[in-house]
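For reference, the structure discussed in these notes is given below.
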Amino acid sequence: MSRLLLVRHGITEFNSTRRFAGYWDGELNAEGLRQVEKLRDRLAKEKIDAIYCSDLKRAVVTAEIISSGRDVEIIICPELREINYGDAEGLTFEEIGQRYPELWESIINFSLELSFPGGESFKEFITRTSKFLDRLNKHSVEQTILIAAHGGPLRVLVCELLGIDQNHWRQFRFDNASLSIVETYPQRVILSLFNDTSHLKEAD
């Protein structure tokens with residue numbers, strides 16, 4: 001494979017109000033656009049050979065802003081979508097507790113058996129997302145690949161790449177417009193940067 005730049009999309013209204021945003025296809029808000037512009041500036045001197053992103057707007061726009069001025073095609077990948085929360089889509093955690101107490105309990109006591117009514121099971125989500133890694137086999141170790149996606153899929157990819165059981169999925173956090181770097185080699189994989197948002201602290 002290669003050097004992977006893992007980027008979570010900028011913030012949205014659902015993120016700022018702490019609502020479950022899975023297949024919801026909303027836009028970045030004004031703050032989210034500013035966040036991604038700062039990330040673009042941070043990566044300005046970075047060589048990027050390929051860009052992959054989720055097909056949801058918040059990830060696509062993130063990829064488009066970062067790629068502006070570069071002659072690099074953005075490859076849209078449905079397998080990088082966030083998990084389908086089904087009936088819980090758009091709800092806060094408190095609202096889920098009120099309407100679907102059994103689901104709320106399952107989220108609290110997380111396991112790979114978790115399934116969202118009307119949406120995906122966690123195992124289906126892992127299987128779907130993990131298929132994305134097949135796309136990277138054509139790239140050499142000298143190439144740098146940017147992946148713009150969502151917190152859930154990025155957690156799955158990091159676990160898969162590092163050989164960590166997906167039961168530990170919830171122990172990773174990807175903040176909006178964060179940058180993580182995974183370096184892959186034939187014999188090993190190194191997580192060299194994780195959930196870095198230092199670029200967001202710089203003054204406008």
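By convention here, the first residue in the shown sequence is residue 1. Nothing here was measured: the structure is a model prediction, and the numbers come from that model.
Panel note: side chain Asn15, backbone Ile11; no donor-acceptor pair is recorded below 3.5 Å. Trp169 places a side-chain N or O within donor-acceptor distance of the main-chain N or O of Gly152, the cut-off being under 3.5 Å.
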Derivation of the side-chain contact (heavy atoms from CB on, under 4.5 Å) call for Asp55 and Leu80: CA-CA 7 Å; Asp55 62 345; Leu80 288 176; over 6 Å; no
In sequence, state the C-alpha distance, the side-chain angles, and the governing distance for Thr92 and Thr17, and then conclude on side-chain contact (heavy atoms from CB on, under 4.5 Å). CA-CA 8 Å; Thr92 65; Thr17 55; 5.8 Å; no
Step-by-step salt bridge (Lys or Arg N to Asp or Glu O under 4.0 Å) determination, Glu13 to Arg58: CA-CA 11 Å; Glu13 289 305 320; Arg58 56 194 189 272; over 6 Å; no
Applying salt bridge (Lys or Arg N to Asp or Glu O under 4.0 Å), run through Glu79 and Arg135 and close with a yes or a no. CA-CA 11 Å; Glu79 64 268 33; Arg135 293 180 182 260; 2.4 Å; yes
Could you walk me through whether Ser178 and Val7 satisfy the side-chain contact (heavy atoms from CB on, under 4.5 Å) test, starting with their C-alpha distance in whole Å, then the side-chain angles of each, then the deciding distance to 0.1 Å, before giving a yes or no? CA-CA 6 Å; Ser178 63; Val7 168; over 6 Å; no
With side-chain contact (heavy atoms from CB on, under 4.5 Å) as the criterion, how do Arg8 and Ile147 come out once you've worked through the C-alpha distance, each side chain's angles and the decisive distance to 0.1 Å? CA-CA 8 Å; Arg8 186 183 175 197; Ile147 300 168; over 6 Å; no
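Note that CG of Leu200 is 7.5 Å distant from CG of Leu39, once rounded to the nearest 0.5 Å. Rounded to the nearest 0.5 Å, atoms CD1 (Ile181) and CG (Leu193) are 5.0 Å apart. Between the CD atom of Glu113 and the OG atom of Ser121 there is a distance of 8.5 Å, given to the nearest 0.5 Å. To the nearest 0.5 Å, atoms CZ (Phe174) and OG (Ser180) are separated by 4.5 Å. For the atom pair CD1 (Ile51) and CD1 (Ile145), the distance works out to 9.5 Å, reported to the nearest 0.5 Å. Rounding to the nearest 0.5 Å places CH2 of Trp104 at 11.0 Å from CD of Gln98.
By the 4.5 Å heavy-atom criterion applied to side chains, Val36 and Val61 are not counted as neighbours. Side-chain contact check for Asn195 versus Leu179: every heavy-atom pair is 4.5 Å or farther apart. The side-chain heavy atoms of Phe116 and Asp87, taken from C-beta on, include no pair separated by under 4.5 Å. Under the 4.5 Å side-chain criterion, counting only non-hydrogen atoms from C-beta, Thr197 is not in contact with Lys38. For the pair Ser67 and Val72, the minimum side-chain heavy-atom distance is 4.5 Å or more. Within the 4.5 Å cutoff, the side chain of Thr12 has no heavy atoms near those of the Asn29 side chain. Looking only at side-chain heavy atoms (C-beta outward), His9 and Gln35 stay at 4.5 Å or farther from each other. For the pair Leu114/Leu103, a side-chain contact is recorded, criterion being any heavy-atom separation below 4.5 Å from C-beta on.
More than 12 heavy-atom neighbours from other residues, nucleotides or ligands sit within 6.0 angstrom of CZ on Arg170. The neighbour count for Lys47 NZ, taken as heavy atoms of other residues, nucleotides or ligands under 6.0 Å away, is above 12.
Under 3.5 Å, the side chains of Tyr185 and Glu183 contain a donor-acceptor pair of N or O atoms.
When ring centroids are compared, Phe172 and Phe194 come within the 6.0 Å threshold. Aromatic pair His139/Tyr52: centroids less than 6.0 angstrom apart.
For Ser54 against Val60, the heavy-atom pair with the smallest separation is O-CG2, 3.3 Å. Taking both residues in full, the closest heavy atoms of Thr144 and Glu46 are given as CG2-OE2, 4.3 Å, listed atom of the first, atom of the second, then distance. Residues Arg19 and Gly90 approach most closely at NH1-O, 3.0 Å, considering heavy atoms. Gly10 and Leu28 get closest at one heavy-atom pair: O-CD2, 3.1 Å.
Remark: Arg128 fails to qualify as a cation-pi partner of Phe125 under the 6.0 Å distance and 45° angle criteria applied to the six-membered ring. A cation-pi contact, defined as under 6.0 Å to the ring centre and within 45° of the axis, links Arg81 to Tyr23.
Ring geometry, Phe20 versus Tyr85: the interplanar angle exceeds 60°, so the pair is classed perpendicular (tilted spans 30 to 60°). Between Phe110 and Phe122, the two ring planes are perpendicular [angle over 60°; tilted spans 30° to 60°].
One hydrophobic cluster holds both Leu146 and Leu33 under the rule that ILVMFWY side chains link at heavy-atom gaps under 4.5 Å. Placement of Phe132 and Ile74 in two distinct hydrophobic clusters is found when ILVMFWY residues are connected by side-chain heavy-atom separations under 4.5 Å, directly or transitively.
Ion pair Arg70/Asp49 not flagged as a salt bridge, since none of the NZ, NE, NH1 or NH2 atoms sits closer than 4.0 Å to an Asp/Glu carboxylate oxygen. Here Arg3 does not pair with Glu142 in a salt bridge; the nearest charged N to carboxylate O distance is not below 4.0 Å.
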